[in-house]
Each structure stands twice: as structure tokens, then as C-alpha cells.
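For reference, the structure discussed in these notes is given below.
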Amino acid sequence: MTGLKSVWTLRRARFWPKAAGRIVRARLSKYEDADGDIYGYTLEYVYQVDGHGYTGTEIFPGSSRTRHSRMNEYAGRFPEDAGVTVHYDPANPAFCLLETHPWILSNVCLVIAGGFCSFLGIAMLVAVPLWNSVSPCGCDSSGDRVARACWRI
């Protein structure tokens, strides 16, 4: 469900208003676990909307930690004290993102599509044996013809 929420947020965020901001804290971290390296890029940025100050921490939904080495790129693009463009939700200006690029949306969609294909594959593994056990078009359970032509998958 988180993937669908991220896709929906990114689609909406492309049309959100923008505000000038500044990164006040940035830190690149690398952790290791049994599955490999996990990169973290923690950042905090400030911006103003209608004279009210806000603080944001996300580049895009779920961007705080990932196995993807793209975090090194973020460290170069979003260094401490750099100016940034903040996309904020007009209904809730405290909710904001730095990026709304289509590559992010396409990556999330690929994950969702992969999950859907996995579901279909598992469903087929279950359904084909059940389908083959059904006696189609007049065949008896041994497969011998009974009055009509018989087919098999």
C-alpha cells in the first residue's frame, strides 16, 4: 500500500506550488546488514509559505534510506547551506518534497508492476493444476474419449 500512496503523492506533487528553501543540515551515512549496504542521506531544509516557516526532511516519499547508491548523488546535489526548490502541499504546507521527477514515479510503478506479476505467476502455479484436473468436453477422468473430441492443456 505504501507504494501506491507514494505514486499518488508524486502525481499530485508535480502540480504543487513551489517555495525557495535552504538546506540547514545534511549527512550521508552508510550501514551494512546481511543483505548488503544501506545508504542514508539525512537532510533538513527550511522554507516559508505566506510568512510561516516550515521544515522538511524528504527528497521524495521514502527517500531517507535505501540500498541504492543514488544517495551519493544526493549528497552532491543537496549539500548543507545550498538553496533548494521545495514543492509543498497547498492544503498542508508542512508536507513537502524536493523532487517530483518522473524517474521516481517510474521506479515506484516498476515495483508495483513486479509485485502484480509475481501475484499472477503464483496464481498461475495454483490455477493450472486445478484447470488440468477438470474433465473437459466429455472426457472421463482417465482422458478417454466419451462421445466427443477431448482436449488437454
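Scope of the values below: all heavy atoms of this structure, side chains included, with no hydrogens, waters or symmetry mates.
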Worksheet, complete the sentence: Result for side-chain contact (heavy atoms from CB on, under 4.5 Å) between Val46 and one of Val86, Val84, Ile23, Val24 points to Val24

Worksheet item: Parallel under 30°, tilted from 30 to 60°, perpendicular over 60°: which one fits the rings of Tyr47 and Tyr54?
Response: parallel

Worksheet item: Quick one: CG on Leu97 to CZ on Phe60, what's the gap to the nearest 0.5 Å?
Response: 9.5 Å

Worksheet item: Which pair of non-hydrogen atoms, one from Ala26 and one from Pro79, has the smallest distance, and what is that distance?
Response: CB-C, 4.4 Å

Item to complete: Starting at OG1 of Thr100, measure out to CZ of Arg12 and round the result to the nearest 0.5 Å.
Response: 12.5 Å

Worksheet item: Closest approach of Pro90 and Trp16, non-hydrogen atoms and distance?
Response: CD-CD1, 3.5 Å

Worksheet item: Between Arg14 and Glu99, is the closest basic N to carboxylate O distance under 4.0 Å?
Response: no

Practice prompt. With rounding to the nearest 0.5 Å, note down the distance linking OH in Tyr45 to CD1 in Ile59.
Written response: 8.0 Å

Worksheet item: Between CG of Leu98 and NZ of Lys18, what distance do you get to the nearest 0.5 Å?
Response: 12.5 Å

Item to complete: To the nearest 0.5 angstrom, please state how far the CZ atom of Phe95 sits from the NE2 atom of His87.
Response: 13.0 Å

Discussion item. Restricting to non-hydrogen atoms, name the atom on Leu43 and the atom on Phe78 that form the minimum distance, rounded to 0.1 Å.
Written reply: CD2-CB, 4.4 Å

Worksheet item: Got a second to check how far Thr42's OG1 is from Arg25's CZ, nearest 0.5 Å?
Response: 8.5 Å

